[in-house]
**Student:** 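Here it is: the structure, laid out below.
To find a chain, count down the sequence lines: A is the first, B the second, and so on, and within it residues start at 1. Small disclaimer: the values here were computed from a predicted structure and weren't measured.
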There are 2 protein chains.
Amino acid sequence: MIDLEKTQRRIDRFPALCRRAGLKVTPQRSAVYAMLASTDTHPSPDTIFSSVREGLPNISQGTVYKVLDLLTERGLLVKVATPGQVARYDARTEPHYHAVCIRCGGIEDVQAEAAPPVPRGDPDGGFDVHKVDVVLQGLCHKCRAPDA
Amino acid sequence: MIDLEKTQRRIDRFPALCRRAGLKVTPQRSAVYAMLASTDTHPSPDTIFSSVREGLPNISQGTVYKVLDLLTERGLLVKVATPGQVARYDARTEPHYHAVCIRCGGIEDVQAEAAPPVPRGDPDGGFDVHKVDVVLQGLCHKCRAPDA
DNA sequence: GTTCCTGCAAAGGTTTTGCACCATA
DNA sequence: TATGGTGCAAAACCTTTGCAGGAAC
């Protein structure tokens, strides 16, 4: 499912993206970004922390949160929209749908049949759209099945 | 923006909806539902709690959370998909978009020009779609403007 | 009368914050 | 060397949980 070339290209571009955003390039930021660029699982801060710590044993949770916030604010990452769950992040910007199970919280990628319908008219006159996320809420395969 | 007739009709139907869902009708549930049906601000559990407590001074936070969870699970309410924020709820099921500011967290309703593109093909063969939420992420009018 | 719901209060998990030290540019 | 980032640890939030008393059917 993951395009390795695209992933690598994204990681290679990271230093340039940082500089353009006025940010210093640090090992912590690079590791967080690379981890996100290499997966399609929409990981939470805690998952990112655990994964990144394998390569950078001294990184702290606080730093992960700060990096995620900053990169999101500068548009290098995106928070996946989920109904009232912990934050989930994504380094991929291609339009795709997310299916979120309202019972177990799992997120599946859904192939978009068409580009999401961006309201070109900029409805309120002032909203600067960075990303359009189409979120399917419902019950996943597992949670659909009768419990008992 | 709010259709008072529609709101009232929704509130009137609540007892019937509860019974159909196998739930008892209680003042707490009715109040939470009525509060949500009367607004388009996608309030958080805490906001709902404060508002409902004006009419039911003894209601507790725990009850509000339990009611919201249960009504959502039974399909009477919907959790609005937001990027890593506190939960937000909605009693309205008509298709509309949400624009979420990644800086201040505000949510604006956006008039949908067309119904969201539900993938009829049920992509993974097993996802039972209850609701499709289209979420615009970006910067709202206020947060766009230069800070200093 | 039975079943289910509520209120309370404590616990669990997530995210934010402040500050001294350190790395990048 | 100046600026900005990191690590640590505490605090602030948000949400869940368990249980005894009470309300709906």
Side-chain angles (χ1 to χ4, degrees), chain A residues 14-33 35 42-74 76-77 79-80 82-89 102-105, chain B residues 14-33 35 42-50 52-74 76-77 79-80 82-89 102-105 148:
Chain A
F14 181 67
L17 289 173
C18 272
R19 280 183 216 108
R20 189 185 312 164
L23 302 173
K24 289 182 180 173
V25 181
T26 69
Q28 291 85 347
R29 289 175 180 175
S30 302
V32 166
Y33 186 84
M35 189 269 173
H42 322 294
S44 64
D46 191 59
T47 306
I48 296 166
F49 172 59
S50 303
S51 169
V52 164
R53 196 164 44 165
E54 289 170 16
L56 290 172
N58 290 322
I59 195 171
S60 69
Q61 288 233 47
T63 296
V64 171
Y65 276 100
K66 285 169 193 164
V67 167
L68 291 170
D69 273 3
L70 197 57
L71 296 187
T72 299
E73 187 197 311
R74 303 297 167 95
L76 308 203
L77 293 178
K79 274 192 181 182
V80 177
T82 62
Q85 294 182 9
V86 300
R88 304 279 206 121
Y89 289 86
I102 58 175
R103 191 166 296 170
C104 74
Chain B
F14 180 67
L17 289 173
C18 272
R19 281 184 215 108
R20 189 186 310 163
L23 301 173
K24 289 182 180 172
V25 182
T26 68
Q28 291 84 351
R29 290 175 179 175
S30 301
V32 166
Y33 187 83
M35 189 270 173
H42 322 293
S44 65
D46 191 59
T47 306
I48 296 167
F49 173 60
S50 303
V52 165
R53 196 162 45 163
E54 290 172 13
L56 291 171
N58 291 321
I59 196 171
S60 69
Q61 288 233 45
T63 295
V64 171
Y65 276 101
K66 285 169 194 165
V67 168
L68 292 170
D69 273 3
L70 197 57
L71 296 186
T72 299
E73 187 196 311
R74 304 296 169 96
L76 309 201
L77 293 178
K79 272 192 181 181
V80 177
T82 62
Q85 296 182 8
V86 300
R88 305 280 205 122
Y89 289 85
I102 58 175
R103 190 166 295 170
C104 74

**Student:** Using a cut-off of strictly less than 4.0 Å, decide whether A:Gln28 has a side-chain nitrogen or oxygen near OP1 or OP2 of D:dG7.
**Tutor:** yes
**Student:** Around B:Arg74, counting heavy atoms of other residues, nucleotides and ligands shown, do more than 12 lie under 6.0 Å from its CZ?
**Tutor:**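 Yes - once you tally the heavy atoms of other residues, nucleotides and ligands closer than 6.0 Å, there are more than 12.
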**Student:** Categorize A:Asp46 for me: base, sugar-phosphate, or nothing, with a 4.0 angstrom heavy-atom threshold over every strand shown.
**Tutor:** nothing
**Student:** Just by distance, no angles: are the side chains of A:Thr47 and A:Ser44 close enough, under 3.5 Å, to form a donor-acceptor pair?
**Tutor:** yes
**Student:** Given atom CD of B:Gln61 and atom P of C:dC8, what is their separation to the nearest angstrom?
**Tutor:**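 Rounded to whole Å, this separation is 12 Å.
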**Student:** Check A:Val25 against A:Ser30 and note the closest heavy-atom contact, atom names and distance.
**Tutor:**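 Closest heavy-atom pair between A:Val25 and A:Ser30: CG1-OG, 3.7 Å.
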**Student:** Output the rounded distance in Å from CG (A:Leu68) to C1' (D:dT6).
**Tutor:**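 In whole Å, D:dT6 C1' and A:Leu68 CG are 14 Å from each other.
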**Student:** Is A:Thr26 close enough to D:dG4 that one of its side-chain N or O atoms is under 4.0 Å from OP1 or OP2 there?
**Tutor:** no
**Student:** Can you tell me the distance, in whole Å, between the CG atom of A:Leu70 and the C1' atom of D:dT6?
**Tutor:** 13 Å
**Student:** Can you check the A:Gln85 CD to D:dT16 P distance for me, whole Å?
**Tutor:**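 Going from A:Gln85 (CD) to D:dT16 (P), I get 11 Å.
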**Student:** If you pin A:Tyr65 and B:Lys24 to their nearest nucleotides in DNA chain C, which one's is more 5'?
**Tutor:** B:Lys24
**Student:** Starting at the 5' end of DNA chain D and moving along, which residue's nearest nucleotide shows up first, B:Pro45 or B:Val25?
**Tutor:** B:Pro45
**Student:** Rounded to the nearest Å, what distance is computed from the CZ atom of residue B:Phe14 to the P atom of nucleotide D:dA24?
**Tutor:**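 Whole-Å distance recorded here is 13 Å.
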**Student:** Go nucleotide by nucleotide along DNA chain C from the 5' end; which of B:Gly62 and B:Gly84 gets its closest nucleotide reached first?
**Tutor:** B:Gly62
**Student:** I'd like to know whether B:Val64 forms a side chain to side chain contact (heavy atoms under 4.5 Å, CB included) with B:Val52, so could you lay out the CA-CA distance, the side-chain angles of the two residues, the decisive distance to 0.1 Å, and finally the verdict.
**Tutor:** CA-CA 9 Å; B:Val64 171; B:Val52 165; 5.5 Å; no
**Student:** Between A:Leu56 and A:Gln28, what is the shortest heavy-atom contact and its length?
**Tutor:**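 Closest pair (atom of A:Leu56, atom of A:Gln28, distance): CD1-CA, 3.7 Å.
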**Student:** If I take atom CZ in residue A:Arg88 and atom C1' in nucleotide C:dT15, what distance separates them, rounded to the nearest angstrom?
**Tutor:**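 So the CZ-C1' distance, A:Arg88 to C:dT15, works out to 16 Å.
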**Student:** For B:Arg53 and C:dT6, give me the distance from atom CZ to atom P, rounded to whole Å.
**Tutor:** 17 Å
**Student:** By nearest heavy atom, map A:Lys66 and B:Arg19 onto DNA chain D; which one lands nearer the 5' end?
**Tutor:** A:Lys66
**Student:** When you check the phosphate oxygens OP1 and OP2 of D:dG7, does a side-chain N or O of A:Thr63 lie under 4.0 Å from one of them?
**Tutor:**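 A:Thr63 to D:dG7 OP1/OP2: side-chain N or O found under 4.0 Å.
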**Student:** Nearest-Å distance, CG (A:Asp69) to C1' (C:dT17)?
**Tutor:**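 Those two atoms, CG and C1', are 12 Å apart.
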